[in-house]
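Since we're looking at a predicted model, the values are computed, not measured.
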Amino acid sequence: MNVRRRHISAVALTAVAALGFGTLTACSSDSAAAGDTGTFDVVASFYPMAFLAERIGGDHVHVTSLTQPGQEPHDLEISAKQTAQLEESDAALYLKGLQPSVDDAIGQSPIATKIDAAELTALEEHGTEAGLGEEHGDEHGDEHAHEDEHGHDHDHEGGDPHIWLDPVKYAEVAEGVGKAFQKADPDHAADYRKNTATLVKDLKALDQKFRTGLANRKTDVFVTTHAAFGYLAERYGLTEEAISGLDPDTEPSGARVKELQKIAKEDGVTTVFYETLVSDRTAKTLAGDTGLRTDVLDPVEGITDHSRGEDYFQVMEANLTALRTALGAR
């Protein structure tokens, strides 16, 4: 652990903790350089990974997020400074397949503990890759496949990476991260185990809120700009129809827009969802053409001043409220 490289006074350590553990929105590439804290130094790829590290590590970790608050994670390019931070850290926590530059940097880094969240739960095919339009006929799936072939340069070969939007899968990842922390920093294993158990309990409670909140609804179909909610949809028996693919930069074809207009009419869709870190232009255009309303469904890729909550749990509960309204849940 990096604490072995230097001696830090109790006063200095308290000051560092005050800076490092305020809110996750403060974690960024401009945080105190990894390796200078006297704690277990973790570099996290983006907010959902940083949130896990903070909750599981508690006072024993210093977390630096590679993705700035408000930055679209898919667009991140690792800087030389961030590469240096990786080399000075005790652990890297990331989600392979979401941020190619992060995958490359961590793969080439000599860092001792590399925790890939994608290996801690089963990834599945969603979004443009399979099944998004299955309930509306094979031609919908073909259309999605066509979009994927001409979409963004992220291939998501391992499947849909948006596992944190399913509380059950996120809990599985949390358990794996907890075990990795215990192994890498055995002096604090008991605390990591306790913190992990508390987080998993909270995630199970969130899962139950979604199950109860969405139990009685008028429609199963919701429309989003970005196909980030495949796991959430599958968990709660919903059908996500995305304007774009798994990557938010993908532009929809004219045929896809027409198809969504038809789906909205046939399935009683009331709302086109957009997200906080991506332009709402496409969503508002589709909504305007179909007489629908717009609202935010946040993929919780980062917390900003515009987020409907200060952490993962608050934003997910806001998402539940938005879905209940859109789906006519009672």
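- In this structure a side-chain-to-backbone donor-acceptor pair under 3.5 Å is missing from Asp90 to Phe40.
- Each of Leu292, Ile243, Val269 was evaluated against Leu260; a single residue qualifies, Ile243, per the side chain to side chain contact (heavy atoms under 4.5 Å, CB included) test.
- Within the 3.5 Å criterion, the main-chain N or O of Gln261 finds no donor-acceptor partner in the side chain of Thr290.
- In this structure a side-chain-to-backbone donor-acceptor pair under 3.5 Å is present from Lys114 to Ile106.
- Contact check for His162 versus Leu95: no side-chain heavy atoms found under the 4.5 Å cut-off.
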Would you give me the side-chain donor-acceptor pairs under 3.5 Å for residues 174-184, sequence neighbours excluded?
unit_1 : atom_1 : unit_2 : atom_2 : d
Gln182 : OE1    : Arg193 : NH2    : 3.4
Gln182 : NE2    : Gly178 : O      : 3.2

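- Cluster membership check: Leu93 does not share its hydrophobic cluster with Val200, using side-chain heavy-atom separations under 4.5 Å among Ile, Leu, Val, Met, Phe, Trp and Tyr.
- Using a 4.5 Å heavy-atom threshold, the side chains of Lys209 and Leu320 count as touching.
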For a side-chain contact (heavy atoms from CB on, under 4.5 Å) check, start with the C-alpha distance between Tyr236 and Arg211, then their side-chain angles and the critical distance, and finish with the verdict. CA-CA 7 Å; Tyr236 305 112; Arg211 291 182 186 279; 3.7 Å; yes
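- Considering every non-hydrogen atom in both Ile303 and Pro69, the closest pair reads O-CB, 3.7 Å.
- Taking the six-membered ring where tryptophan is involved, the planes of Phe46 and Trp164 are perpendicular, since the angle between them exceeds 60° and thus also 30°.
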Can Val257 and Leu286 be said to form a side-chain contact (heavy atoms from CB on, under 4.5 Å), step by step? CA-CA 7 Å; Val257 172; Leu286 177 62; 4.0 Å; yes
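- Once rounded to the nearest 0.5 Å, the distance linking CG of Asp311 with CZ of Arg55 reads 7.5 Å.
- Across Gly302 and Ser307, no two heavy atoms sit closer than the pair O-OG, 3.8 Å.
- The backbone N or O of Ala326 sits less than 3.5 Å from a side-chain atom of Thr270, completing a donor-acceptor pair.
- Following chains of ILVMFWY side-chain contacts shorter than 4.5 Å, one cannot reach Tyr274 starting from Val315, and the two form parts of different hydrophobic clusters.
- A salt bridge links Glu259 with Arg256: the closest approach of a Lys/Arg side-chain nitrogen to an acidic carboxylate oxygen falls below 4.0 angstrom.
- With rounding to the nearest 0.5 angstrom, the CD atom of Gln314 is 12.0 Å from the CG atom of Asp298.
- Using a 4.5 Å heavy-atom threshold, the side chains of Asp207 and Arg235 count as touching.
- Counting heavy atoms from C-beta on, the side chains of Leu297 and Glu275 never come closer than 4.5 Å.
- Scanning all heavy atoms of the two residues, the minimum distance from Gly97 to Pro161 falls at O-CG, 4.4 Å.
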Worked verdict on Leu165 versus Met316 for side-chain contact (heavy atoms from CB on, under 4.5 Å): CA-CA 8 Å; Leu165 291 167; Met316 284 295 284; 3.8 Å; yes
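- Glu124 contributes atom CD, which lies 4.5 Å from atom NZ of Lys169 (distance to the nearest 0.5 angstrom).
- Between the Thr304 side chain and the Gly70 main chain, no donor and acceptor come within less than 3.5 Å of each other.
- At a threshold of 4.5 Å between non-hydrogen side-chain atoms, the residues Lys96 and Glu119 do not count as touching.
- What you find for Val61 and Thr39 is that their closest heavy atoms are C-OG1, 3.8 Å.
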For Leu238 and Arg217: C-alpha separation, side-chain torsions, deciding distance, then whether side-chain contact (heavy atoms from CB on, under 4.5 Å) applies. CA-CA 10 Å; Leu238 307 177; Arg217 55 185 184 260; 3.3 Å; yes
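- For Phe229 and Phe273, the distance between ring centers is not under 6.0 angstrom.
- With a 4.5 Å cut-off on side-chain heavy atoms, Tyr94 and Asp103 count as touching.
- Shortest non-hydrogen contact noted between Gln71 and Leu66 is OE1-O, 4.4 Å.
- Minimum heavy-atom separation, Ile111 to Ala91: CD1-C, 3.2 Å.
- Remark: Asp166 CG to Leu203 CG distance equals 10.0 Å, nearest 0.5 Å.
- Atom CD of Glu240 is separated from atom OG1 of Thr224 by 4.0 Å, given to the nearest 0.5 angstrom.
- Here the side chain of Asp220 pairs no donor or acceptor atom with the backbone of Thr239 at under 3.5 angstrom.
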Show your working on side-chain hydrogen bond (donor to acceptor under 3.5 Å, both in side chains) between Thr67 and Gln99 and close with a plain yes or no. CA-CA 10 Å; Thr67 307; Gln99 298 169 290; 3.0 Å; yes
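- The closest side-chain donor-acceptor pair between Gln85 and Ser89, if any, does not fall under 3.5 angstrom.
- Using a 4.5 Å heavy-atom threshold, the side chains of Glu317 and Leu206 count as touching.
- In this structure, the side chain of Gln82 does not engage the main chain of Ile78 through any donor-acceptor pair within 3.5 Å.
- The NE2 atom of His62 lies 7.0 Å from the CG atom of Asp41; values are rounded to the nearest 0.5 Å.
- A search for salt bridge (Lys or Arg N to Asp or Glu O under 4.0 Å) contacts involving Arg324 returns nothing, not counting sequence neighbours.
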For His60 and Asp191, run side-chain hydrogen bond (donor to acceptor under 3.5 Å, both in side chains): C-alpha distance rounded to whole Å, both residues' side-chain angles, the deciding distance at 0.1 Å, then the answer. CA-CA 9 Å; His60 302 305; Asp191 286 343; 2.7 Å; yes
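- Side-chain contact between Leu199 and Phe313 is present, with at least one heavy-atom pair separated by less than 4.5 Å.
- Under a hydrophobic clustering in which Ile, Leu, Val, Met, Phe, Trp and Tyr are joined whenever their side-chain heavy atoms come within less than 4.5 Å, directly or via other members, Ile115 and Tyr192 fall into the same cluster.
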